[in-house]
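Notes follow the structure.
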Amino acid sequence: MTSAAEMPASSGSTLTLHSDPNNTKETDPLRKANGVYVTVHGHFYQPPRENPYLDAIERQPSAAPFHDWNERIHWECYRPNAFARVLNDQGEVVGIVNNYEYFSFNIGPTLMSWLERYDVEVYQRILEADAKSSDRLHGHGNAIAQVYNHIIMPLANERDKYTQIRWGKEDFRSRFGRDPEGMWLAETAVDYATLEALVAEGIRFIVLAPSQALRCRPLPTPDHPHPEWIEVGGSQIDSTRPYRCYLKPTLDTSSSPLSAIKEGNRDSNHSPLPTPHSPRYIDIFFYDGPISRDMGFSDVVYNSSHFAGRIGSAVRGDHRLAQLISVATDGETFGHHKKGTEKTLAYAFTKEFPQQGWTVTNFAHYLSLNSPSWEVELKSVTAWSCAHGVGRWEDDCGCGGEGSVWHQKWRRPLRDSLNWLRDQLTEVYTEHGKQLFRDPWLARDEYIQVMRDRSATNVNRFLARHQTHKLTAAEQVDALRLLEMQRHALLMFTSCGWFFEEISRPEGTQILRYAARALELAGEVAGVQLEKGFVKRLGLAPSNVDQFKHGAEIYRQLVLTAQLGFKQVAAHYAITSLFTNQKPAETHNSLPRKDAADKQSQRYHKRVYCYAANELDYQLQRMGSLTLAVGNLKLVSEITWESEHLVFAVLHLGGWDFHCGIQQFTGRRNYSQLKEKLFGALKQASAAHTILAMTQLFGEEAFNLQNLFAEERHRIMGLLTEETLARLGQLYTQAYRDNYGVLMAFHRDEIAVPQELQVAADIALGHRCLMTLRSLEQDIADPQKSWSHILELEAIATEAKHLRCRLNIPDGKRMLEQLIARWLWQLLHDANGSFNADIQLLERLIDVGDQLNIDVSLQRSQELYFSCLHSQIGPVCITSVDNEADNQCLQLLKLGKKLAVDVSMISSQLR
C-alpha cells in the first residue's frame, strides 16, 4: 500500500468517467460520484465585540473611517461576496454573483447576529444562498454550523463543550431553517472528547487540517479484513477523500465495522452503517494544506486562472471514480485581507471551474455521494494554528509572538484564572439555579432561544417552560441574571483573547470584561464576592507593556473603568435629553391628561442601548447661558429585566461644560421639592449657586460629557461644534473670495500656492459643496430646483479642478451615493411621466460625482440596475413597438454604460 504522499498528481488532470453516457442520472456528478469536485470553504468569523453592559459595539477609532471593525470588514468582505462582480475586459459588470451560493461556509453566530442587525439585505442574501445551494445539491446546503463563540474545545470542560455545540446548532437552525450536517471547530482544535460530544449531538462531519491526522487505512472488507495503518503524521494524508473516525480507535480490528459488513448492513455506496453493536464515528474532511496556505499567504487568489491552475495541481491522475479538492481559509481573506479577490472567486466558481469540467460542491453533498472508504486516527490534541497542540491558548509556546520579542507567559495564568472563575460560577449557578429551574443546565443549553429573541413574550414562554414554580418578578430577574452570568462565563473563553502576543490587546481586554460582568451578576444574585480572588490570580499574568505590569493592573485600568450601572445610563439619558427634548420650559405632566398620555406614548418611551427608558416627568428651563433639566425616569434592562426608578438633574453651562446628578426616586413629594429648589436656584442666574444646590441635593458624585457612552458623546461633540464649524466655514470662504485672483495667479504661473490660501480654498469649496448637496437632498422632488443644485455642483467641480483642491467631505460622498441610488430606484420602479427629464438629471448627477473627485461609489446603483437589466429593461427593450419606447430603451442602456454595466447583449437584440 503506497502512502498518501507517494500518490502521483497531475496538473489539471481529467478523470475517466466510468458510467453509461446514455444515462444522465448515472453521469450527473450532482447525483452520483463522478469526476473532480471542488470545495472552497470560508470560515467567516468576528469575535464578540459588544460592550457587556450595552449589548452594542462602541466606536473603534482604529477601524476609521468606519464605526468599528465589524463594519469595516463587512464593507470590504461580507457585502462584496454577496454581490461579487464578474467584469469584462472594459471593466464593465457582466454578472453579479452571490459567492455564498458556491462557498462552503460557516459564519460565526456572533457575526451573524451582528449582520442581522446591521445589513439585513446581506443577511438575507446569505440565507438565500444556502437555500439555493441546497436546491442545487439535492438537499445539502453550503452552510455549516460553528461552536458558538469560538472557544478552544479541547480546553473546555465537558458541560461547556455541549453548550457550545447546542448553542451553535440552535442558532444555525433558527436562521437557516434546517439542522446542520457539519460543524466548524474554532481553530479546528479537536480531541476525542470533542468528537464524542459532536457525535452525541448528531453532527455528521467536521473539517480539519492535514497536520491533525496521525494515521489512516482503508476500511476493512471481507476480502481485506486487516488493512495496515499508514502513518501520515507529517501532513501526508490524502485530502482528496473523506475519512471515517471512530471514537475509540485501536489497532484491534475487532473494533472495526467489519461485523456490520458481514451482516450485509451497507448503504447505497457500500460503506458500513453503524449498528447498535458497532463503534460510533464522525466523518472528517482534511483540507489541502499547501493550497490553503497559498490562498492566505501568496498572490494565487488575485487571478482566477492562476487559482484554477493551483487547484488543478492537486488533482490525482490515478483513475479513481471521484475525488474532492477542498481548500479552506478565513473568509475575510476574500476582500478584507486581499482586496478585490471576491471577484476572483466569482469568476472561478462560475467560469473557470466549470470549464475544467469540475463540479463545485460542499462537504455534505460530496459525503452523500461518496461515503468514506478509509478511516483515520487523529493526534491526541491539535489545532491548525499551533504546532504545539493547543499551547497557543494556554502556554508560552511561541505561537503568535512578536518575532520572539514579547513573551506569552501570561497565557497560562490567564487560562487558570478563568478556569477558577468558571468553577466558582458553576457552584453559584448550581446552588441558586436549582431553586428556580427544574434542570438548570438544560435551561442554560436552551437559553440560546432567549439570546435570539428577547421579546417579553418569548422570555416568559422560556421561563414558564423551565421554572420550578411560578416565579415572582424578583425571581424572574434572578433567573435571567444567572443565565446571563453563564453566557458571559462562556464568552470569556473566546479564543481570540489568547491568540496574539499580549494580554492587554483589545481581545484580551474584551474577555476580561465578560469575566467582570459575570462576577458582577454572581454578586447580585448570590452575594458572593469573587473579584478579589480573581484579580489576585490575574496578578500572576505578566504583561509585556510596562504601563500595565500584569493582568490585575489591566483589569483595574481597562476593565473596571468600563463598567456601567443604572446611574451611568440615567446620566447618559439626562445629558442627551438636552439635545432631543426641544421645547424649553416644558413640563410633561402639566399637559391636559389625554394630550399628556398621547405625548408620552409617542416620545417618552425610549431605548438607550439595551435599556428601556420610561420618562415619567421632564422639565427644562433656560436662564441666560444656563440650561437646567430635571426628570423622573424608570429604566429597565431588556436583558435581565432589572429596573431602577431614578431622578436626574443636568445643568448645561454652555460649550462643553455639563454637571449632572442622579439619585433614587423617593416619592412624588420629595421629587417636587427637589425641582422647586433647583429651579429656584437657577432663577438667580448663577452657575455656582445652581451647582451648589445640586451638590446639596444629589451629593458629591457628578457626571459630565465624558460619562456619556462614546457614540452619543461623539454625536453631541458634533452638535456643539456645528456653530463653530459654520463660522469657520464662513471665515475661510471670505478668505478664499478675497484672494481668489491671487490663487489663480499662483496656479497660472505654476508657483507653489501658500498653504494657508490652499487650505482656505479646500475648506471653502468643500463647505459650499456640502451645503449644495444638503439642499439637493431636500429638493429632490422638485426638478427645477434639482437642476439648479446640479449646475451649482458642476460649477464647484470646475472651480476645484482649476485650483487643484481636494474636497474632503465624507458626508457629502455618502449623500451623493444615496441620491444617485434613490433617483435610479425611482426611475426604474416609480416613473412619474417625466422619464426623459429624470434620466437626464440622473446622468448629470453621476457625472458630477466623477467631476468632484470624491471617490463616489456606484456599487449600490450598479446592483440595482443589474437586478432590473434582464428582468425588466431587457424584455421591454426587445419587445418595444414604438419610437418613444425605443428612445427610452436607448437612454436606459446608455445609463447602464455610465454605471459600468455591460448592456451589449440587450443592445444587440434591439430591432
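Computed over heavy atoms, backbone and side chain alike; hydrogens, waters and symmetry mates excluded.
The stretch residues 464-477 participates, sequence neighbours left out, in these salt bridge (Lys or Arg N to Asp or Glu O under 4.0 Å) pairs: Glu446-Arg465.
Taking the salt bridge (Lys or Arg N to Asp or Glu O under 4.0 Å) definition, one finds that Arg454 meets it with Glu484, sequence neighbours left out.
In this structure, Glu676 places its CD atom where only 12 or fewer heavy-atom neighbours from other residues, nucleotides or ligands lie under 6.0 Å away. The neighbour count for Arg72 CZ, taken as heavy atoms of other residues, nucleotides or ligands under 6.0 Å away, is above 12.
Between His488 and Tyr514, the ring planes are tilted. Angles from 30° to 60° get that label. Under the 30°/60° scheme for interplanar angles, the aromatic rings of His645 and Phe665 are found to lie parallel.
At a threshold of 4.0 Å, the pair Asp171-Arg175 counts as salt-bridged, since one of the basic side-chain nitrogens sits closer than that to a carboxylate oxygen. Checked for salt-bridge contact, Glu792 and Arg768 meet the test: a charged N lies under 4.0 Å from a carboxylate O. Using a cutoff of 4.0 Å between basic side-chain nitrogens and carboxylate oxygens, Arg117 and Glu50 are scored as salt-bridged. Contact check on Glu817 versus Arg814 returns no salt bridge, with no Lys/Arg side-chain nitrogen under 4.0 Å from an Asp/Glu carboxylate oxygen.
Taking 4.5 Å as the limit, some side-chain heavy atom of Leu793 sits within range of a side-chain heavy atom of Cys769. In this structure the side chain of Tyr148 never reaches within 4.5 angstrom of the side chain of Leu490, judged on heavy atoms. Side-chain contact between Val650 and His659 is absent, with no heavy atoms from C-beta onward closer than 4.5 Å.
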Considering only distance and modelled atom types, tabulate donor-acceptor pairs under 3.5 Å from the side chains of residues 703-716, sequence neighbours left out.
residue, atom, partner, partner atom, Å
Asn704, OD1, Gln706, N, 2.9
Asn707, OD1, Asn704, N, 2.7
Glu711, OE1, His67, NE2, 2.4
Glu711, OE2, Arg59, NH2, 3.3
Glu711, OE2, His67, NE2, 3.3
Glu712, OE1, Arg715, NE, 3.4
Glu712, OE2, Arg715, NE, 2.8
Glu712, OE2, Arg715, NH2, 2.6
Arg713, NH1, Gln706, O, 3.4
Arg713, NH1, Leu708, O, 2.6
His714, ND1, Arg59, NE, 3.3
His714, ND1, Ala710, O, 3.3

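The aromatic ring centroids of Tyr118 and His74 lie less than 6.0 Å from each other. Close placement of the Tyr611 and Phe566 rings is indicated, their centers lying within 6.0 Å of each other.
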